Number of protein chains: 2
Amino acid sequence: MTGRVRWRDDALGSWLGYWFDRLRGLRTDKHQAGFGTIRSEDGNLAHPDSPVRMERAARPMAAGEKDDAGQDAAARSATGTLGKAMALLELVAMADRPLRLTDLLHRCGQPRGSLHRQLCHLVAEGLLRQRPDLSYEPGLRLLKLAHRAWSRNDVKTLARPYLSRLHDATGETVHVGILSGVEIVYIDKVESRQTVRMDSRIGRSAPAYCTGLGKAALSALPPAALDSLLSCMVFERFTANTHSSRSSLLCDLEAIRRCGYAFDREEHEKEIRCVAAPVHSVQGNLVGGLSVTGPAYRVSMEQLEAWSGAVSSAARALSDDLSVALGPDMRGF
Amino acid sequence: MTGRVRWRDDALGSWLGYWFDRLRGLRTDKHQAGFGTIRSEDGNLAHPDSPVRMERAARPMAAGEKDDAGQDAAARSATGTLGKAMALLELVAMADRPLRLTDLLHRCGQPRGSLHRQLCHLVAEGLLRQRPDLSYEPGLRLLKLAHRAWSRNDVKTLARPYLSRLHDATGETVHVGILSGVEIVYIDKVESRQTVRMDSRIGRSAPAYCTGLGKAALSALPPAALDSLLSCMVFERFTANTHSSRSSLLCDLEAIRRCGYAFDREEHEKEIRCVAAPVHSVQGNLVGGLSVTGPAYRVSMEQLEAWSGAVSSAARALSDDLSVALGPDMRGF
DNA sequence: GAAGTATATTCCATATAATGGAACAGTTGG
DNA sequence: CCAACTGTTCCATTATATGGAATATACTTC
């Protein structure tokens, strides 16, 4: 074997439930070990944000760079073939236009033969679709699978009544989301009117550090887990109010922990404010949040403050429901 | 190698775009060949319906059964590791409750070691989530990927104005769907009110032969493709009006082809009627439909008849838009 | 319309990762 | 406490993925 860098080593995110079990020492796992998720020595997480970056092996590795052995050994035992396929799928899905083979070739630095075969497999499985012009885009099978994932989701089901009630009380759009790595994934919502697009945000993911839901969720994490996540956050600045450093985020989180709710002070999108509260099962394997969102011109910070009580009590109630539903007794649920 | 049957050979569906290219002889493909999709001799499709059946290899193959060589050779060159992983994912996703390792063991007849590793990989990738009680359910990553697949979907984007217009004209729920194998996948909708569940049907899939959208789509298929699909339909009876045979379906399709629109006469769900019209790009690589759906007590067959013109002209217009968008000139769209 | 360039596809010896049987460990229940 | 069941780990074998180069196919450009 040449000393070649594995192109997928640092791609892809990892997933909360998994981390938690690891962090709580519940599982020893050999199979899942490595793939760059947790560096064994310092316990840090590698690249859990999902916009995939595969460029690493694009260049043939200049002299002097050494592919350090430990990293290599750890990263080698990845999720294998599946991991590569998923990294590729993510790359196509997260692109903003259909990509052709050559485009992908440049972005992931894999040899043509391999890449082509992988794409063929993905297309045959319906995960990708190949357009008449030979470019690739995400396939319908994803929709179908996601529908099942969504319609059977415990959190969504349990949250619904609280969402409705919050919506009735506030008249604004109400969200529930789950933390997945360093991102928050929107699971369900009830909105004021047919605003812009019907369900534009369900399934959408956004960075945790700059959204109300995300910060609420982060505030509920045990210190070790939070540390792991922090170490792999990239603080991109979306607005003037976006947290741009670890310390400013930590300060905010501390405040959130004290009062039990979080604000999004136009940190992700200009003119959009929100108040959110953390939701978590006692087992700690699921962390998310509930939020009320509105446009700045209509919703003042005072208004959000006034709603904070309702939001956090709803979040607490939902947390209890969740803990019961996921509890050891209820196998099937 | 022992003469053991590969457990995955007959699992899983295949996907329309792919078939079309095959059927039109556009691609020679070696990589995608086989996996039981198209039997080389008679051109039939094997098991394109998606509710997965993996039980085949559960028994150790009784004496006398022979795993015929041709089939074996064809089926062997599958989508490989990815295919197995996806079949497993589908199995979990389509189940109606979280499954534990042993449950899966019974359903797919794979050795424990292999199954366990595959599940670990799926969990590590976020495609599955392992609950505290060690059972598996579909993971959040599916939602995230599907969101991208959905929000960038050409058909959805192009269909939206027509959906709105049809909804305004009829006041009932309007759907757009795409044919994917023998199933129709709901891509988008505009609904009358916040009926039962907000977007319950987006991403849902239903059999083509008993839905208005599905029949409309089938009617637009070239004979060869239709034949292929017919040969692997299983006519399950949902209501008294459900087509229960190939011939009755064909007869209906003929009528649909003549008049340009299809009815669902409470064939899938009791008390639900719909009128639909086919949508297809000239290239023939995308087939779907547009429909107006309503409850039987409110929407008479005469009413549907009256709407048929609007539906089919909208469908024609959308078809044109699609053909342009997918046309050879517009690379990026 | 021919030569040139960029792209997609196929081939095949080799390296790698999946396989599957069996042994081990942790839980439940009588 | 022992049986019966579950989930996990191990490791030699074998099937599968790999990747570089050769070939085919489209699009430009002159």
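Below, chains carry the letters A, B, ... as their sequence lines are ordered, and counting in each starts from 1. The figures that follow rest on heavy atoms only: side chains count, while hydrogens, waters and symmetry mates do not. Just so it is clear, the model here is predicted, and its values are computed rather than measured.
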Undergrad: Report the nucleotide, chosen from dG7(D), dA8(C), dT18(D), that has the shortest atom-to-atom distance to any side-chain atom of Gln118(A).
TA: dT18(D)

Undergrad: Using side chain to side chain contact (heavy atoms under 4.5 Å, CB included) as the criterion, point out the one residue from Leu128(B), Leu127(B), Leu119(B) that pairs with Leu88(B).
TA: Leu119(B)

Undergrad: Using side chain to side chain contact (heavy atoms under 4.5 Å, CB included) as the criterion, list what pairs up with Ser114(B), not counting sequence neighbours.
TA: Gln110(B), Pro111(B), Arg117(B)

Undergrad: Out of dG7(D), dG20(C), dT7(C), which has the shortest distance to the side chain of Pro111(B)?
TA: dG20(C)

Undergrad: Tell me whether the side-chain N or O atoms of Arg112(A) pair up with the base of dA8(C) as donor and acceptor below 3.5 Å, since no angle test is needed here.
TA: yes

Undergrad: When the C1' atoms of the five terminal pairs at each end define the local axes, what inter-axis angle does the helix from dG1(C)-dC30(D) to dG30(C)-dC1(D) show, to 10 degrees?
TA: 40°

Undergrad: Does Ser114(B) or Thr102(A) map to a spot on DNA chain C nearer the 5' end, using the closest nucleotide for each?
TA: Thr102(A)

Undergrad: Closest approach to the side chain of Lys84(B), judged atom by atom: which nucleotide of dT7(C), dT18(D), dT19(C) is it?
TA: dT19(C)

Undergrad: Which residues satisfy the side chain to side chain contact (heavy atoms under 4.5 Å, CB included) test with Arg112(B), sequence neighbours excluded?
TA: Leu105(B)

Undergrad: With a 4.0 Å cutoff (strictly under), does any side-chain N or O of Arg117(B) reach OP1 or OP2 of dT19(C)?
TA: yes

Undergrad: Starting at atom CZ of Arg100(A), determine the distance to atom P of dT7(C), rounded to an integer number of angstrom.
TA: 6 Å

Undergrad: Choosing from dT7(C), dG19(D), dT9(C), which nucleotide comes nearest the side chain of His116(A)?
TA: dT9(C)

Undergrad: So which one's nearest nucleotide on DNA chain C is more toward 5', Tyr136(A) or Thr81(A)?
TA: Tyr136(A)

Undergrad: If you check every side-chain atom of His121(B), which of dG7(D), dT18(D), dA18(C) has the closest atom?
TA: dA18(C)

Undergrad: Who pairs with Ser319(B) by side chain to side chain contact (heavy atoms under 4.5 Å, CB included), at least two apart in sequence or on another chain?
TA: Val279(B), His280(B)

Undergrad: Could you pull out all residues at least two apart from Asp320(B) that satisfy side chain to side chain donor-acceptor pair (under 3.5 Å)?
TA: none

Undergrad: Just the rounded figure in Å: distance from P of dG7(D) to NE2 of His106(B).
TA: 10 Å

Undergrad: Side chain to side chain contact (heavy atoms under 4.5 Å, CB included) with Arg152(B): which residues, sequence neighbours excluded?
TA: Pro98(A), Glu137(A), Pro138(A), Arg148(B)

